[in-house]
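Below is one structure, written out as structure tokens; comments come after it.
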Amino acid sequence: MTIKVKFENGREAEYPQGTTCMDLYREKVAENRDLIAVLVDGRECDLTHPLSENSEVVFIDFNSPEGADIYRHSASHVLAHAVKRLYPNAKLGIGPAIENGFYYDIDFKEPISADDLPEIEKEMKKIIKERKPIIRREMSRAEAEKLFSDMNETYKLELIADLPDDVVISCYEQDDFIDLCAGPHLSHTGLIKAIKLTGLAGAYWRGSEKNPMLQRIYGTAFPSKEMLQDHLQMIEEAKKRDHRKLGRELELFSLHEEGPGFPFLHNNGMIVWQELTDFWRVEHRRAGYEEIKTPLILNRSLWEQSGHWDHYQDNMYFTKIDEQDFAVKPMNCPGAMLVYRSRMHSYRDLPRRIAEIGVVHRHELSGTLHGLMRVRSFTQDDAHIFMLPDQIEDEVAGIIDLMDLFYSVFGFEYRIELSTRPEKAMGAVELWDKAESLLEKVLVDRGIEFKVNEGDGAFYGPKIDFHLQDCLGRSWQCGTIQLDFQMPEKFDLTYIGEDGAKHRPVVIHRVVYGSMERLMALLIEHYGGAFPVWLAPVQVAVIPVTGRSHEYAANICEELKNEGFRVDVDLRNEKVGYKIREAQVKKVPYMLIVGDREVENNLVAVRHRQDGDLGAETLTDFVVKLKKEVDQKII
RNA sequence: GCUCACGUAGCUCAGUCGGUAGAGCGUAUCCUUGGUAAGGAUAAGGUCACCGGUUCAAUCCCGGUCGUGAGCUCCA
């Protein structure tokens, strides 16, 4: 019997039945030595996998997502293997590959510390050097249970117990180490070229705080030392750009024990903030938005009506005023609902786009707080759009355009995801279906690529999320467009239709920046603290060379201020090099160096923080260029 | 919230096997007038996070509190 095998390049060939992928691999690897695994009809398989029927076979290397996963999954087994050699009593949890690496959760009899990682890493390298073959063993449930119970691997027994009846139970063996695992794996440990253990942290068994906490060892693996180096360098770069560090150095904001999760913005941070909100207001007015401001603290009755009292109480802050319960707002919507409801609406008034840059407070778990990224008090660039059902499409399209405008100004790439009706959804199914297909239509009509997350929508409506990608390739969810079928019901919102009867409007809840605080953090890291001129807290530093040019420098500074620029003059008794260094470290975009030569010819010597010395020109010429850079928000 | 680690000058960090502490940067003053990333000297600056305990003696050891950091979905 022979079977037909189709390769990724379209070539077909016949082989005897039972030919393993390894046999084919031997031919292939001659062409590409980096191949490490195989997809048979799209499924990841071991190289030893025998082919029993006509199949499509694709060999993959580390550069495919599946390849990287298999590679790192094998690395995690090597980690567990090394741990078992050094700590025979340790019990294994799970050890999957993750983005950029892998981990293994382990229950150590005596907790280990980060100092123990180098030794484990050394043992891993030994196992790699030994080039142990990795062998798949399939077994019955009873055999597996006996095996792991003999080894006292209680967590593995728990996993086996939870495996469905019809699944093939498999283990992977290398040397004297055997682990319950679906696979697939590399064919031997020697294929792992570069590893590094990167961290140690606690993690609950199966992610539940009711379960015991295991120790999670994080690591990463690459097929070459260079790739590992690059990856580690990327992490270093991210550390350098950490907004908490830059925020302090550039005096943008500070955090204090007195207000955990409540950041303090300093003058420099406020300048960036104001530029961001100024830009936001200009574009929102242009797009037909009104702006409102609603109170921080509102009566309990409102939160009962909105449902927050029942469903969000754990995250809210409370106070009492005149014997009555009040809550600090965790969201802006109820306020906006009251504004809408404060007068009657005709269908002719809609859509009504009501925006609010609103401060909300949410009690987040203390362990989740992180700089400006995750706080307990933040500012949303919120807007609620009240509209007729048949306006949904146009409104959503308008918001998508607005998002694109903002994100491209910052130089962010972004991805879009559409989340649809979840199990416990509120509202009529027909309305959901209609809304979902409308959202999809808007995206398709504009030729926008998007990913669908089935069942991931909010219980009150489907949504479109925007995930920004920063310059280090990390992604952050910022913008969101959420249809809300709930709020109009809860607040009994109405408009008078053409027929003279009351109807229910649809509400869209949307943010572009998301949280101002988080956007600031994002921008700080995206730009590495070197803000484009329009955002830079100080746009120009005037630097006199000697005391003789102090007066000239001060005049230049005045003139630039009068032109509306943010400018500092450095009249300290220091050398130019020193002053330049300082302006450079503070990431000031432009330095104007003025000495005797410039005074004499009435010029300024321009230095750019990246491009260095640009030569001398007149102040007028410089102002023209600078104005253009600010107005066009050039990155 | 939970686990582990950490908390020493404005910042980055050293140190004390228990006898109340030190560097660099920054700051102030003086000298230096210097042309594209750090000129020199001197000085000031610390309840060693906070509260208890052990001890003749605690910044150090122990306990607690607060704060900070890495994690806590990625399913054998």
Side-chain angles (χ1 to χ4, degrees), chain A residues 69 72-73 76-77 80 92-105 108 111-115 144 148 153 155-164 167-172 178-183 198-218 239 242 244-245 248-249 251 254-261 314 363-371 541 543-550 572-586 591-598 605-609 611-616:
Chain A
D69 266 12
R72 285 167 174 155
H73 191 183
S76 94
H77 273 225
L92 302 178
I94 57 166
I98 51 173
E99 202 181 347
N100 294 324
F102 60 87
Y103 67 76
Y104 216 112
D105 285 346
F108 288 91
I112 61 162
S113 81
D115 301 336
F148 287 100
E153 291 284 6
Y155 298 102
K156 296 293 178 188
L157 288 172
E158 214 179 296
L159 292 171
I160 294 171
D162 283 356
L163 288 176
V167 80
V168 179
I169 295 182
S170 61
C171 292
Y172 279 77
I178 185 157
D179 194 4
L180 180 73
C181 184
T198 50
L200 180 67
Y204 298 106
W205 169 237
R206 305 186 127 186
S208 164
E209 54 198 275
K210 294 187 189 86
N211 289 333
M213 184 165 282
L214 312 182
Q215 286 191 288
R216 175 170 296 180
I217 301 176
Y218 282 92
K239 257 192 210 149
D242 191 317
R244 294 166 298 184
K245 180 171 170 280
R248 189 174 46 240
E249 290 170 0
E251 291 183 73
S254 60
L255 298 162
H256 302 271
E257 287 197 14
E258 290 82 351
D314 289 351
H363 181 83
E364 303 289 351
L365 292 181
S366 59
T368 61
L369 302 181
H370 181 89
I543 299 175
V545 178
T546 71
R548 288 191 298 280
S549 43
H550 275 194
R572 291 176 308 171
N573 181 12
E574 294 289 351
K575 293 192 178 186
V576 242
Y578 184 91
K579 295 180 186 178
I580 287 174
R581 182 186 142 80
E582 189 159 297
Q584 199 74 41
V585 168
K586 294 280 179 201
M591 287 153 253
L592 299 183
I593 321 295
V594 292
D596 294 338
R597 293 203 293 269
E598 286 72 27
V606 183
R607 181 191 160 94
H608 186 261
R609 68 182 165 203
D611 308 335
D613 193 347
L614 301 178

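Just the heavy atoms: all of them, side chains too, but no hydrogens, waters or symmetry mates, feed the values below. First the proteins, then the strands, lettered A, B, ... as listed; each starts at 1.
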Inset, instruction - Check the pair A:Ile217 / A:Ile112 against side chain to side chain contact (heavy atoms under 4.5 Å, CB included), numbers first and verdict last. - result: CA-CA 10 Å; A:Ile217 301 176; A:Ile112 61 162; 4.1 Å; yes
Heteroatom pairs (N/O) under 3.5 angstrom, protein to nucleotides 34-36 of chain B:
| residue | atom | partner | partner atom | Å |
| --- | --- | --- | --- | --- |
| B:rG34 | N7 | A:Val545 | O | 2.5 |
| B:rG34 | O6 | A:Gly547 | N | 3.2 |
| B:rG34 | N2 | A:Asn573 | OD1 | 3.2 |
| B:rG35 | O6 | A:Asp596 | N | 3.0 |
| B:rG35 | O6 | A:Arg597 | N | 3.0 |
| B:rG35 | N1 | A:Glu598 | OE1 | 2.7 |
| B:rG35 | N1 | A:Glu598 | OE2 | 3.4 |
| B:rG35 | N2 | A:Glu598 | OE1 | 3.4 |
| B:rG35 | N2 | A:Glu598 | OE2 | 2.9 |
| B:rU36 | O2' | A:Arg607 | NH1 | 3.1 |
| B:rU36 | O2 | A:Arg607 | NH1 | 3.3 |

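- When heavy atoms are screened at a 4.0 angstrom cut-off, A:Ile94 is found touching the sugar-phosphate backbone but no base atom.
- A:Ile593 pairs in a side chain to side chain contact (heavy atoms under 4.5 Å, CB included) with only one of the listed residues (A:Val606, A:Asp613, A:Val576), which is A:Val576.
- Rounded to a whole Å, the CD1 atom of A:Ile98 is 12 Å from the C1' atom of B:rC72.
- Here the P atom of nucleotide B:rC75 and the NE2 atom of A:His77 are 13 Å apart, to the nearest Å.
- Taking the ring axis of A:Tyr103 as reference, the NZ or CZ atom of A:Arg216 stays within 45° of it and closer than 6.0 Å to the ring centre.
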Pick out the pairs of N or O atoms, protein on one side and nucleotides 8-11 of chain B on the other, that lie under 3.5 Å.
none

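- The base of B:rG1 sits with one of its N or O atoms less than 3.5 Å from a complementary donor or acceptor on the side chain of A:Tyr204.
- Every residue meeting the side chain to side chain donor-acceptor pair (under 3.5 Å) condition with A:Glu364, not counting sequence neighbours, appears here in chain and number order: A:Arg374.
- Following rounding to the nearest Å, A:Phe102 (CZ) and B:rC75 (C1') show an atom-to-atom distance of 17 Å.
- Contact annotation: A:Tyr218 side-chain N/O to B:rC72 OP1/OP2 distance is under 4.0 Å.
- Two residues, A:Gln584 and A:Gly367, neighbour RNA chain B, and the one matched to the more 5' nucleotide by heavy-atom proximity is A:Gly367.
- Note: CG (A:Asp179) to P (B:rC75) measures 15 Å, nearest angstrom.
- For A:Arg206, the side-chain contact (heavy atoms from CB on, under 4.5 Å) criterion is met by A:Glu158, A:Leu159, A:Asp162, A:Asn211, not counting sequence neighbours.
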Legend entry - Which nucleotides of RNA chain B pair, in dot-bracket form (Watson-Crick or G-U under 3.5 Å, | meaning another strand): (((((((..((((.....[..)))).(((((.......))))).....(((((..]....))))))))))))....
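- The structure places CZ of A:Arg609 at 9.5 Å from CG of A:Asp611, a figure rounded to the nearest 0.5 Å.
- Atom P of nucleotide B:rA38 and atom CD of A:Glu582 are separated by 12 Å, given to the nearest angstrom.
- Taking atom CE on A:Met213 and atom P on B:rC2, their separation rounds to 10 Å, with Å as the unit.
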Quick test: give all pairs of protein nitrogen or oxygen and nucleotides 64-69 of chain B nitrogen or oxygen below 3.5 Å, distance rounded to 0.1 Å.
| residue | atom | partner | partner atom | Å |
| --- | --- | --- | --- | --- |
| B:rG69 | OP1 | A:Arg244 | NH1 | 3.0 |

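- Residue A:Tyr103 places at least one side-chain N or O under 4.0 Å from the OP1 or OP2 atom of B:rC74.
- Residue A:Gln215 contributes atom CD, which lies 13 Å from atom C1' of B:rA70 at whole-angstrom precision.
- Rounding to whole angstrom units, NZ of residue A:Lys586 and C1' of B:rA38 are separated by 14 Å.
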